[in-house]
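Report on the structure given below.
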Amino acid sequence: MIRNIFLDLDDTLLDFKAAERNAVAQTLTQVGVAVNDHVLRRYSELNESQWKRMERGEITVDQVKTHRYELLFEELGVIADAAQTTKIYEGFLAAQHPELPGARAMLDALFGRYRLYLASNGTARVQHRRLDESGLRRYFDKVFLSQELGANKPSPAFFEKSFALIDGFQKDESVIFGDSLTSDILGGLRAGLLTVWFNPLGKPVGEIRPDYEVRSLDEFPPLVASL
Ligand SMILES: [Mg+2]
């Protein structure tokens, strides 16, 4: 029987792609870059490639944040300060918290039946503000942010540090639910948790094999109840 649920935030509860798109458009406009679909798509691709490098341990989270803008500005031939741009971006991003369809209903269904824990690699200042302004914070017993724990998903240290902060924690009563195979699912598997992959687009699984997968958020509460 499951008692503890670790939930990812971005692209599991909040629509990060929409939030990111809005915040990047606002940021680039502010630093004088003409925004169009190509520019937004390249930002998204460069950003994702840098996060993957971080997950492989090649660069730090802070490097992710500046590299993605350095690379974009280089491609576009724009002279702008990447560190300053990152600050501007995080300010805009913190104000964005569009929810994915069914996220609130899923949390309402889980709340009170399980202990819910947020587990996110996002920037602490940004995530705290989004949790407050979205009203999602009240659902969580604890919020585990990589920046505050000093370790990122999928590293076992992220999970071990989180487990240590939960009274009476038992791995075999615990599950992680998230959209990322390389951070949520791999991390959960390494840490000895049951894993449920949120796979709305029906992507094929690769080498990283979740225990379960769902395509919509309303499938998750009945699945957890059956475990
Ligand atoms: Mg995610």
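Positions are given from 1 along the sequence. Indexing begins at 1, ligand by ligand and atom by atom, following the structure's order.
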W197 side chain reached by L181 side chain, heavy atoms, under 4.5 Å
yes

Could you tell me if the side chain of F198 sits less than 4.5 Å from the side chain of D8, heavy atoms only?
no

Could you tell me whether the side chains of E219 and S216 share a donor-acceptor contact shorter than 3.5 Å?
yes

Among the N, O or S atoms that [X] has, which is closest to the Mg ion (ligand 1)?
| X | answer |
| --- | --- |
| D179 | OD1 |
| D8 | OD2 |
| D10 | O |

D184 backbone or side-chain N/O/S under 2.8 Å from the Mg ion (ligand 1):
no

Aromatic centroids of F163 and F6 separated by under 6.0 Å:
yes

